[in-house]
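So the structure is just underneath, and the comments pick up after that.
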Amino acid sequence: MPRMYGFSLVALTPMQCLFENNWNLSRNVHRGDFIKYCFRPINIFFYYISEIFDIKGLGQLAIGIGTLVYAWNRLSLPVSPLILLELLVALMSASLFFIAIMNFSAAASFFLVNTGFLIGTMNKFRDYAKYPITIFHGAFRFIFTFIIPIAFIAYYPSLVIMRPDEIPVLTWIAPAFGIFFFYLSYKFWMFGAGKYSGTGT
């Protein structure tokens, strides 16, 4: 579905551009290079994440916006300031879910050895975000909604434009759930960083 594909590309762009350094966390932690981030009078999460900006994500953003516009025109969907505002909020909440998933995966590096496979596996789940959650079996539908919430990366938020007249409750609560999930991932990341700082490893 072009709408979900374009939606997912746009929603994943902030992770691609702004949080790319999470991919390097395992190596920095286990080589001891992370220690340099522990002695600056600044939020360590912000300091570490802001060190890299991946410009390749802008190409993904352009493709995603183009796909959304194409699908929107083909389906003759209505356009209004309210719908555009709802779309923006939906995209922001979807981004928060994926960022949070990757934060949790990367922060496991503070507690486990050789976690590169974990963040790689979580990243691959984004491919599933391009499909409606309804195609999955009931058990996987539950997992992908409440445990590894990839359904909130594209499916539920995109219903704002896909089914504007029958938006489910999970779509409406997605922004609040996204903020909460991101906050938990941030606290987990900071907890791990604090452990690293305390042990001096």
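- Counting heavy atoms from C-beta on, the side chains of Phe7 and Pro157 come closer than 4.5 Å.
- Remark: Ile63 engages Leu9, Thr67 in a side-chain contact (heavy atoms from CB on, under 4.5 Å) (not counting sequence neighbours).
- The number of heavy atoms from other shown groups lying within 6.0 Å of CD1 (Ile55) does not exceed 12.
- For the side chain to side chain donor-acceptor pair (under 3.5 Å) condition, no pair includes a residue of residues 81-101, sequence neighbours left out.
- Of the possible donor and acceptor atoms, one in the side chain of Ser50 sits under 3.5 Å from a partner among the backbone N and O of Phe46.
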Would you give me the side-chain donor-acceptor pairs under 3.5 Å for residues 96-104, sequence neighbours excluded?
{"residue": "Asn103", "atom": "OD1", "partner": "Asn22", "partner atom": "ND2", "Å": "2.8"}
{"residue": "Asn103", "atom": "ND2", "partner": "Ser185", "partner atom": "OG", "Å": "3.2"}

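- Here the straight-line distance linking atom CD1 of Ile135 with atom CZ of Arg141 works out to 9.5 Å at 0.5 Å rounding.
- Residues that satisfy the side-chain hydrogen bond (donor to acceptor under 3.5 Å, both in side chains) test with Arg27, not counting sequence neighbours, are Asn24.
- Put simply, the residue from Phe181, Phe180, Phe45 that forms a ring pair (Phe, Tyr, Trp, His ring centres under 6.0 Å) with Tyr186 is Phe45.
- Grouping the Ile, Leu, Val, Met, Phe, Trp and Tyr side chains by contacts below 4.5 angstrom, directly or via other members, places Leu18 with Met15.
- Under the rule for a side-chain hydrogen bond (donor to acceptor under 3.5 Å, both in side chains), the partners of Gln16 that lie at least two apart in sequence or sit in another chain are Asp54.
- Nearest heavy atoms, Ile133 versus Ala151: CD1-CB, 3.8 Å.
- Placement of Ile52 and Ile42 in two distinct hydrophobic clusters is found when ILVMFWY residues are connected by side-chain heavy-atom separations under 4.5 Å, directly or transitively.
- Shown here are the side-chain contact (heavy atoms from CB on, under 4.5 Å) partners of Arg74, two or more places apart in sequence or in another chain: Tyr70.
- For Tyr47, the side-chain hydrogen bond (donor to acceptor under 3.5 Å, both in side chains) partners at least two apart in sequence or on another chain are Arg40.
- For Met92, the side-chain contact (heavy atoms from CB on, under 4.5 Å) partners are Leu88, not counting sequence neighbours.
- In this structure, Leu85 is not a member of the same hydrophobic cluster as Leu91, with clusters built from ILVMFWY side-chain heavy atoms closer than 4.5 Å.
- Taking each heavy atom of Leu118 and Ala108 in turn, the nearest pair found is CD2-CB, 3.7 Å.
- Closest non-hydrogen pair, Ile65 versus Val10, comes out as N-CG2, 3.6 Å.
- Criterion: ILVMFWY side-chain heavy atoms under 4.5 Å apart, direct or through other members. Under it, Ile167 and Val89 are not part of a common hydrophobic cluster.
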Between side-chain atoms of residues 29-38 and protein atoms elsewhere (two or more places apart, or another chain), which donor-acceptor pairs fall under 3.5 Å?
{"residue": "His30", "atom": "NE2", "partner": "Ser109", "partner atom": "O", "Å": "3.4"}
{"residue": "His30", "atom": "NE2", "partner": "Leu112", "partner atom": "O", "Å": "3.0"}
{"residue": "Tyr37", "atom": "OH", "partner": "Glu51", "partner atom": "OE1", "Å": "2.4"}
{"residue": "Tyr37", "atom": "OH", "partner": "Glu51", "partner atom": "OE2", "Å": "3.2"}

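- Classification of the Tyr48-Trp189 ring pair by plane angle, with boundaries at 30° and 60°, yields tilted.
- Ring geometry, Phe140 versus His137: the interplanar angle exceeds 60°, so the pair is classed perpendicular (tilted spans 30 to 60°).
- The hydrophobic clustering, which links ILVMFWY residues whose side-chain heavy atoms are closer than 4.5 Å, places Ile44 and Tyr183 apart.
- Leu82 belongs to no multi-residue hydrophobic cluster, having no ILVMFWY side-chain contact under 4.5 Å with any other such residue.
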- Item | CA sep, side-chain torsions, deciding dist, call: Asn73, Val69, side-chain contact (heavy atoms from CB on, under 4.5 Å) | CA-CA 6 Å; Asn73 287 333; Val69 171; 3.6 Å; yes
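- Closest non-hydrogen pair, Met190 versus Asn43, comes out as CE-ND2, 4.1 Å.
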- Going through the distances and angles, do Cys17 and Leu58 end up as a side-chain contact (heavy atoms from CB on, under 4.5 Å)? CA-CA 7 Å; Cys17 289; Leu58 298 181; 4.1 Å; yes
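- Counting all heavy atoms, side chain and backbone alike, Phe152 lies closest to Leu170 at CE2-O, 3.5 Å.
- With sequence neighbours excluded, the residues forming a ring pair (Phe, Tyr, Trp, His ring centres under 6.0 Å) with Phe111 are Phe188, Phe191, listed by chain and number.
- Pro168 places a side-chain heavy atom less than 4.5 Å from the side chain of Thr171.
- Applying the side chain to side chain donor-acceptor pair (under 3.5 Å) test to pairs two or more places apart or on separate chains, none has a residue in residues 144-157.
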